[in-house]
Amino acid sequence: MIDKFVATPAAALADVPDGATILLGGFGTAGLPEELTDALIARGAKGLTIVNNNAGNGEGGLAALIAAKCVKKIICSFPRQADSWHFDKAYRSGELELELVPQGTLAERIRAAGAGIGAFYTPTAFGTKLAEGKETRRIGDRDYVLEFPIHADYALIKAERGDRWGNLTYRMTARNFGPIMAMAARCTIAQVNETVELGQIDPEAVVTPGIFVKRVVKVSRAARKAA
Amino acid sequence: MIDKFVATPAAALADVPDGATILLGGFGTAGLPEELTDALIARGAKGLTIVNNNAGNGEGGLAALIAAKCVKKIICSFPRQADSWHFDKAYRSGELELELVPQGTLAERIRAAGAGIGAFYTPTAFGTKLAEGKETRRIGDRDYVLEFPIHADYALIKAERGDRWGNLTYRMTARNFGPIMAMAARCTIAQVNETVELGQIDPEAVVTPGIFVKRVVKVSRAARKAA
Amino acid sequence: MKKMDRNQMAARVARDIPEGAYVNLGIGLPTLVANHIPAGREVILHSENGVLGIGPRPAKGAEDYDLINAGKEPVTLLAGGAFFHHADSFGMIRGRHLDFCVLGAFQVSVSGDIANWHTGAPDAIPAVGGAMDLAVGAKKVLVMMEHLTKEGTSKIVERCSYPLTGAACVNRIYTDLAVIDVRADGLHVIDMAEGLEFDELQKLTGVPLHYRETAKA
Amino acid sequence: MKKMDRNQMAARVARDIPEGAYVNLGIGLPTLVANHIPAGREVILHSENGVLGIGPRPAKGAEDYDLINAGKEPVTLLAGGAFFHHADSFGMIRGRHLDFCVLGAFQVSVSGDIANWHTGAPDAIPAVGGAMDLAVGAKKVLVMMEHLTKEGTSKIVERCSYPLTGAACVNRIYTDLAVIDVRADGLHVIDMAEGLEFDELQKLTGVPLHYRETAKA
């Protein structure tokens, strides 16, 4: 019997090595898999490359991962925020490398990795600093920049509901990068608020089919509130 | 008040001109918008370029459109079928041009048009006749073929449920090309089995958000069965 | 002369957005536009973090931080709204499905270049978010900004001195002094703050403006 | 020597597909594999027209032509199945998420090239469907075909004479005579039909085969 359920975040992340590239879900705190991130810190893997829309907020989640000096490089679209002090400090000290990518290009590069696309031309950022040194091409009456996929070893995402085949649904705008990150990693680990029996997710409403998911860990909302 | 409902297939198609490029939903008969196709024949537009996975089955739908000599060119992945006689005849007589595209490349070219991607590299068809004359590129340890988007004037698709903002859900494998075709045309027209009030489609389960849809025509299953 | 305040500017932008439009409102000043869409006019708001059909702010205490806009503020969803993932959301933007986006800016040039993501200061931490996608993707790019910097120089310039967000993409500029169209033949004043004379506006603005009394909207 | 019949071939393929595998079965002969997955072994079947979790054929009279496989035959959906659109479906294929695909073929070459979409005849109407995507996309490409043409010549060849579907992509060939691995150093016989001797198999096959008794699976 296929059973992708794993008992704890720690067990789900037990094989993450130093130097791994990790897609980390979330837009700010919405969809950020906080318990998986905590387990990643506890695991102690170093030299990680983290792909996320942001670069950490406040003291928890990605910010804590940066503060724990686990991260070598961040690929993101919007690092600078009022509460991104851990990133700001590590970046300014030169210990953290930043690759800044326009948000839509970030999403499309992740999706391209998942969908087996070798590279694509996007109009975004043409003529700007963020396209400097990149190949460009005029197609029809528009100019485009060539962009390459972002493949990853792991994706850590947060979903709402999961079954033992790994089918997932999400909750409102916490969906954000989850479905495309799930496609783009060799090993996708989802924390879910609720586990359900096979068939309890409407097959018309599955957002991430289980083929993209290796491990599912239940971290109920109640448990998180209590913590 | 936004109201994308249109009373009849004929009214929905009243502005389709000769020479239009039309994305036609469906995989075989599943998801083929039969009543919209009939209305297109009745409209009498000629010189059409039709994009569909197939090239018509039996006497109805796309086959009838070909038999009515409305089609100049077909872009598809799988024209040859046991019951594709109208296509076979028109193709063999030379009156119908065929652009044969691998199914995944067809889907991705349509999606690229909808998503504003200028071109993309796919590994599919590398080293085959269908890549002859196309640009190729080695990326990492794989070879890729450069493919361009398929933009269209109209998309005619079949969905299950629609609301006045144009939000759509589909029914099982009748979904197939509908959601990506809806993105790739200047004017997307959906026939639906059922119209519902705003809010009756779960926002988590909307498959095609209304932004991609211009017109929605109800053609109930009962009416179709009676016809 | 009376400069428009932020709400007057937002109301002026809202006036130009017709029923049925799909609109992305940038972080900050543009967000205010939502409050000024006339009651009964259906305009569908998009946020790049994966939502269409944003409604009013939730009541105090009813915030749910799984339902936020691109500025990470809690919002609500209207009946008819939909959620989708980031690649689909930016497919909408880049694929030219949005009728309008409204962006803040540091500078806009006479040719419609916009700079709004980076001051270029050497120690600044850059952050671009979805601005570059919106700049190239929306059918109409509207900019909302103060006319003058704090130092009193024009933010409408011959060439942007800050790093660009997008080139030749702005269609219309809304400032606290005027509404200005960016056209192939230059900048055209469409509307001015109450009591402001064209000569004065021209004097305050760094670049030549066109103005025809009859063009006033 | 007793050639394997179609069901024996399908059962032999099914034997090699482990629990938890995601598998796409091509039109025709490969479709039979589904009937031979041992009861209790969970294998998840994909069809390129947008479905994962295909179950057995529906009972007569219960067919629903909105629920079909790539061969346009009515199917059923297992609990845990999911529907998705064509771009997502081929993203799964091209993005190397499928563990196996099983394809029919006209010819397979010693280097793993496969030809299965076009005889090359000048008046033939070509049709490719999803075969080229599956050939480059699945982690393991399994081919199921008769060993010999109707004329008695080998379908395993030095170089395909028919137009290619994919180059150097086949991992294993299942025929009515043998199971053969395609490796960097050539073709390795893994299994043979009951009573068939290697010398005879080699004589019937157009290209050199490797065989070690201990390699028999």
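All chains are named by letter (A, B, ...) in the order of the sequence lines, taking the proteins before the strands, and each is independently numbered beginning at 1. It should be emphasised that the depicted structure is a prediction, and the values quoted were computed from it without experimental measurement.
We find the CG-CZ distance between A:Asp202 and D:Phe83 to be 9.0 Å, quoted to the nearest 0.5 Å. Going from atom CD1 of A:Ile180 over to atom CG of D:Asp88 covers 11.0 Å, rounded to the nearest 0.5 Å. For the atom pair D:Leu78 CG and A:Leu198 CG, the distance stands at 9.0 Å (nearest 0.5 Å).
More than 12 heavy atoms of other residues, nucleotides or ligands lie within 6.0 Å of CD in D:Gln8, so this atom counts as buried by the packing criterion. Remark: D:Arg159 CZ is loosely packed, at most 12 non-hydrogen atoms of other residues, nucleotides or ligands lying under 6.0 Å away. Other residues, nucleotides and ligands place more than 12 heavy atoms under 6.0 Å from the NZ atom of D:Lys72.
In this structure, the side chain of D:Glu42 does not engage the main chain of A:Met1 through any donor-acceptor pair within 3.5 Å. Proximity of a side-chain donor or acceptor of D:His97 to a complementary backbone N or O of A:Met183 within less than 3.5 Å is detected.
Contacts between residues 99-119 of chain A and chain D, counted as heavy-atom pairs separated by less than 4.5 Å, involve A:Arg111, A:Gly114, A:Ala115, A:Gly116, A:Ile117. At a heavy-atom separation below 4.5 angstrom, chain D is approached by A:Asp163, A:Arg164, A:Trp165, A:Asn167 within residues 160-178 of chain A.
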### Message
Checking D:Leu52 against A:Val206 for the side chain to side chain contact (heavy atoms under 4.5 Å, CB included) test, could you report, in this order, the C-alpha distance in whole Å, the side-chain angles of both residues, the deciding distance, and whether it holds?
### Response
CA-CA 11 Å; D:Leu52 270 169; A:Val206 169; over 6 Å; no
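Residues A:Gly199 and D:Ala79 share a closest heavy-atom pair of CA-CB, 3.9 Å. Across A:Pro209 and D:Ala82, no two heavy atoms sit closer than the pair CB-CB, 4.4 Å.
Heavy-atom pairs under 4.5 Å with chain A were tallied for D:Gly80, D:Gly40, D:Ala87; the largest tally goes to D:Gly80.
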